[in-house]
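In what follows, chains carry the letters A, B, and so on, assigned in the order in which the sequence lines appear, proteins first and then strands, with residues in each chain numbered from 1.
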2 protein chains.
Amino acid sequence: MSGSLQNLSGLDRVIHEPARLMLVALLSSVESADFLFLLKESGLTKGNLSVHLSRLEEAGYLRVDKTFQGKIPHTEYSLTAKGRTAFNEYRKKLDPIIRRHSKPAKL
Amino acid sequence: MSGSLQNLSGLDRVIHEPARLMLVALLSSVESADFLFLLKESGLTKGNLSVHLSRLEEAGYLRVDKTFQGKIPHTEYSLTAKGRTAFNEYRKKLDPIIRRHSKPAKL
DNA sequence: GTAAACTAGTTTATATTACAAACTAGTTTA
DNA sequence: TAAACTAGTTTGTAATATAAACTAGTTTAC
């Protein structure tokens, strides 16, 4: 490993998974969101959404606030500071690959 | 799925895998590269590199040119037009997520 | 002349996943 | 009282990624 791309090997897999990347990107643009909103926005199944949210919570990237609105349970999800930092780190790593270097290789 | 992030579900998994993303990014910046170069640049093990290159070849993203330099086998890998297109598509999809929208959420 | 190091892989085995579907447990509304 | 709702958990399957072991030859150093 001598090139300048070695950084990709340490890419945060928790965030890299498309479903979770979608969720983290979504949550990074709002203060918080509830389960139903994330379900509709993401297009994931309930089970799948639940598992991915759990994974983000385990990683410490997600704060889960469970309350009752009357008798109905209501859960709000929001990124933690750690989650925002991890997302920013992730974007920083991918940025040079996603951005155009503007000098296309001679074909 | 009503939001603007549904595009991520159709993300090209062949390219998304970090090891292959690294390889494709690498190959997109050169005309071609041989096995040893990719091995050193990527930091992957031989078997792993071999498998990932096969997967890219199966997807039609990679052209493999096997020759002999004297009696020693030499293999050159280069992206196909399809591979370059797929990589550009991939970057186009991730771009809005990786780029800063500049308006940070109110914390 | 033979053992080590090289090119360029393939095969195998293990471990981790992602995902959908089925299930749980309760509440509300028609 | 049955259907639809919130908010999940559990389970089973299938696809991965990865490292390690193996193949098959060539070259070089001792």
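Rounded to a whole Å, the OH atom of A:Tyr77 is 8 Å from the P atom of D:dA7. If you measure from atom CG of A:Leu49 to atom C1' of C:dA22, you get 17 Å, rounded to the nearest angstrom. For A:Leu62 and D:dA7, the CG to C1' distance is 15 Å, given to the nearest whole Å. The distance from atom CD of A:Glu76 to atom P of D:dT6 is 13 Å, rounded to the nearest whole Å. Per the geometry, CZ belonging to A:Phe35 stands 18 Å off P belonging to C:dA25, to the nearest Å. Regarding B:Met22, its CE atom lies at a distance of 13 Å from the P atom of D:dA17, rounded to whole Å. Between the CG atom of A:Leu8 and the C1' atom of D:dA17 there is a distance of 16 Å, given to the nearest Å. Taking atom CD of A:Gln69 as the reference point, atom C1' of C:dG26 lies 16 Å away to the nearest angstrom.
Within the 4.0 Å cut-off from OP1 or OP2 of C:dT10, at least one side-chain nitrogen or oxygen of B:Ser50 is found. Contact annotation: A:Arg20 reaches the phosphate of C:dA18 (side-chain N/O to OP1 or OP2, under 4.0 Å). Neither OP1 nor OP2 of C:dA18 sits under 4.0 Å from any side-chain N or O of A:Asn48. Phosphate contact (OP1/OP2 of C:dC19, side-chain N/O of B:Arg13, threshold under 4.0 Å): present. Look at B:His52 and you won't find any side-chain N or O under 4.0 angstrom from OP1 or OP2 of D:dT16. Taking side-chain N and O atoms only, A:Thr45 has no distance below 4.0 Å to OP1 or OP2 of C:dC19.
Comparing D:dT26, C:dT17, C:dC19 against the side chain of B:Ile72 picks out D:dT26 as the nearest. In this structure, the nucleotide among C:dT17, C:dC19, C:dA20 sitting nearest to the side chain of A:Glu17 is C:dC19. Side chain of A:His74, nearest nucleotide from C:dT10, D:dA7, C:dT27: D:dA7. In the set C:dA20, D:dG8, D:dT6, the nucleotide with an atom closest to the side chain of A:Thr75 is D:dG8.
DNA chain C is contacted by both A:Leu44 and B:Lys66; B:Lys66 maps to the nucleotide lying nearer its 5′ end (nearest heavy atom per residue). Both B:Val51 and A:Lys46 lie near DNA chain C, and the one whose nearest nucleotide falls closer to the 5' end is B:Val51.
Below 30°, between 30° and 60°, or above 60°: for B:Tyr77 and B:Phe35 the angle between ring planes is between 30° and 60°, a tilted geometry.
Residues B:Leu21 and A:Leu94 come closest through the heavy atom pair CD2-CD2, 3.8 Å. Here the shortest heavy-atom pairing between A:Leu38 and A:Leu26 reads CD2-CD1, 4.5 Å.
In the hydrophobic cluster analysis, where Ile, Leu, Val, Met, Phe, Trp and Tyr join through side-chain heavy atoms closer than 4.5 angstrom, A:Leu44 is grouped apart from A:Val51. At a threshold of 4.5 Å between side-chain heavy atoms, the hydrophobic network of Ile, Leu, Val, Met, Phe, Trp and Tyr places B:Leu62 and B:Phe37 in one connected group.
Remark: the backbone N or O of A:Ser28 is paired with a side-chain donor or acceptor of A:Arg84 at under 3.5 angstrom. The backbone N or O of A:Gly60 sits less than 3.5 Å from a side-chain atom of A:Thr80, completing a donor-acceptor pair.
Heavy atoms of B:Phe37 sit nowhere under 4.0 angstrom from any nucleic acid atom.
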query = Which dot-bracket string describes DNA chain C (Watson-Crick N1-N3 plus N6-O4 or O6-N4, or G-U N1-O2 and O6-N3, all under 3.5 Å; [ ] crossing; | other strand)?
reply = ||||||||||||||||||||||||||||||
message = Assess the residue pair B:Glu17 and A:Arg13 against the criterion (salt bridge (charged side-chain N to carboxylate O under 4.0 Å, His left out)); give the C-alpha distance rounded to whole Å, side-chain angles, the decisive distance to 0.1 Å, and a yes or no.
response = CA-CA 10 Å; B:Glu17 168 59 33; A:Arg13 294 270 187 170; 3.0 Å; yes
